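Here it is, the structure, as structure tokens.
What you see is a predicted model; the values in this text were computed from it and never measured. Residue numbers begin at 1 in each chain, while the letters A, B, ... track the order of the sequences.
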Amino acid sequence: MDLSIYYSLFNGGDVMSNHNTSHGSLKQYIIGFILSIILTIVPYYLVTNQILTEGPLLFAIFGFAIVQLLVQVVFFLHLGTSKDQLWNTLAFVFTLITVAILVAGSIWIMYNLQHNMMPTMSM
Amino acid sequence: MQAVSHAHDHHDEIDSKVTFGFWVYLMSDCLLFASIFAVYAVMHTHVYGGVSGKDIFEMPYVLVETFLLLISSFTYGLAMLALHKGCQKQVLIWLAVTFALGVGFLCMEVNEFHNLIAEGHGPQQSAFLSSFFTLVGTHGLHVLCGLIWMVILFIQVLVHGISGGKIKTKLTCLSMFWHFLDIIWILVFTIVYLMGVM
């Protein structure tokens, strides 16, 4: 049994990935690492070389950040839908919803506040 | 997180309650960062006639910082693999490499802060700079805590070995913390730096 685990660790971790364990396999870490590097360099290149116009560029770098976030959560933190990960994933999803409300709500409120205050501010 | 699998019974000692509790802490830390991100999002245009992100961010420098943290996240993963293989020496080596990369990141960040303050762009200059220093500084403070924790665990692994269940739980918690900080930095990199120089 031990030997098979060691073997799988060096050869892509088939035993490990089948059971979706929390510490993952070498293959998972390498895939996650390579994807993270790509997902960092591409938006960096897009921004520093001003390839896109502002709207699409904003959309693109946000897209890359969200994909990168998911890649790291799956490949480094090994969050998944397996039974022993269910509560962690639930807590994570709940947090994402709270964060979205918090950030979007703050920006919305403050934008409106500033917008409505502007005439008096500029006097 | 729960590392229980019938494929490898000898890993069962990792305390799943502790790691789940730590996960919940990380999620609450997420909310802390979300609040500071929200403040930054609201304040980043309020430069009070001073410098904006475009004027002060040096992107190649920040890219190097990002890579240091990204690589350190990967090397910590290698330490965890070594832990589950039962190889103490490799755990120590990868922890040391991760620590060195983390220190490199922190030094670069402190240097960046020092240069900004020296050039007169300290946190007291504008709402933008206040929120920038708060956000990036809070992340840096977390990295510092992670590094101190890493030294402590390094010594524990060195002295007591890695056969006990407790040390596995501790190293698992730190791995979650370290990967989490990497994820937060990706958001800082995107929202503060990339969007700042657009």
- Take the angle between the ring planes of B:His44 and B:Tyr40 and call it parallel below 30°, perpendicular above 60°, tilted in between.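 Ring orientation, 0 to 90° scale: parallel.
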- Query: Got a donor-acceptor contact below 3.5 angstrom from the B:Ser130 side chain to the B:Pro123 backbone?
  - Reply: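 A pair under 3.5 Å: yes.
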- chain B contacts, top residue of A:Phe94, A:Tyr111, A:Phe62 (heavy-atom pairs, under 4.5 Å):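 The option with the most such pairs is A:Phe62.
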- Given that the side chain runs from C-beta out, which part of A:Ile37 has a heavy atom under 4.5 Å from chain B: side chain, backbone, both or neither?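 When you check distances to chain B, atoms from both the backbone and side chain of A:Ile37 fall under 4.5 Å.
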Show which side-chain atoms of residues 176-192 of chain B pair as donor or acceptor with protein atoms under 3.5 Å away, not counting sequence neighbours.
residue: B:Trp178; atom: NE1; partner: B:Ser72; partner atom: OG; Å: 2.8
residue: B:His179; atom: ND1; partner: B:Ser73; partner atom: OG; Å: 2.7
residue: B:Asp182; atom: OD2; partner: A:Gln72; partner atom: NE2; Å: 3.3
residue: B:Asp182; atom: OD2; partner: B:Ser73; partner atom: OG; Å: 3.4
residue: B:Trp185; atom: NE1; partner: B:Thr66; partner atom: OG1; Å: 3.1
residue: B:Thr190; atom: OG1; partner: B:Ile186; partner atom: O; Å: 2.9

- Query: A:Val73 versus chain B, heavy atoms under 4.5 Å apart: side chain, backbone, both or neither?
  - Reply: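 It is both, since atoms from each part get that close.
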- Flag side-chain contact, heavy atom, 4.5 Å: B:Trp23 against A:Leu77: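 Yes, their side chains come closer than 4.5 Å.
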- Winner by heavy-atom pair count (cut-off under 4.5 Å) against chain B, out of A:Thr48, A:Leu58, A:Thr98: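 If we count pairs closer than 4.5 Å to chain B, A:Leu58 comes out on top.
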- Message: With rounding to the nearest 0.5 angstrom, report the NE2 to CG distance, B:His46 to B:Leu129.
- Response: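 The distance works out to 13.0 Å.
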- Message: Can you tell me which portion of A:Glu54 sits under 4.5 Å from chain B's heavy atoms? Options are side chain, backbone, both or neither.
- Response: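 Its backbone and side chain both get close to chain B.
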- Looking at B:Leu26, B:Ile71, B:Val197, which one has more heavy-atom pairs under 4.5 Å with chain A than the rest?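 That would be B:Ile71.
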- Option in A:Thr40, A:Ile66, A:Leu46 with maximal non-hydrogen atom pairs under 4.5 Å from chain B: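 Most heavy-atom pairs under 4.5 Å with chain B: A:Thr40.
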- Query: If we ignore angles and hydrogens, is there a donor and acceptor under 3.5 Å between the side chains of B:Asn115 and B:His121?
  - Reply: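 Absent: no donor and acceptor within the cut-off.
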- Identify which part of B:Ser35 has an atom lying under 4.5 Å from any heavy atom of chain A, answering side chain, backbone, both or neither.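 Both parts, backbone and side chain.
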- Count the heavy-atom pairs under 4.5 Å between each of B:Phe33, B:Phe74, B:Phe67 and chain A, then report the option with the highest count.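 Result: the option with the highest number of such pairs is B:Phe74.
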- Check the pair B:His139 / B:Leu144 against side-chain contact (heavy atoms from CB on, under 4.5 Å), numbers first and verdict last. CA-CA 9 Å; B:His139 178 270; B:Leu144 179 66; over 6 Å; no
- Looking at A:Phe75 versus A:Tyr29, is the centre-to-centre ring distance below 6.0 Å?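 Ring centroids of A:Phe75 and A:Tyr29 are no less than 6.0 Å from each other.
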- chain B contact via A:Val103 - side chain, backbone, both or neither, heavy atoms under 4.5 Å: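 Both parts, backbone and side chain.
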- Where on A:Ile30 is there a heavy atom nearer than 4.5 Å to chain B: the side chain, the backbone, both, or neither?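 Its backbone and side chain both get close to chain B.
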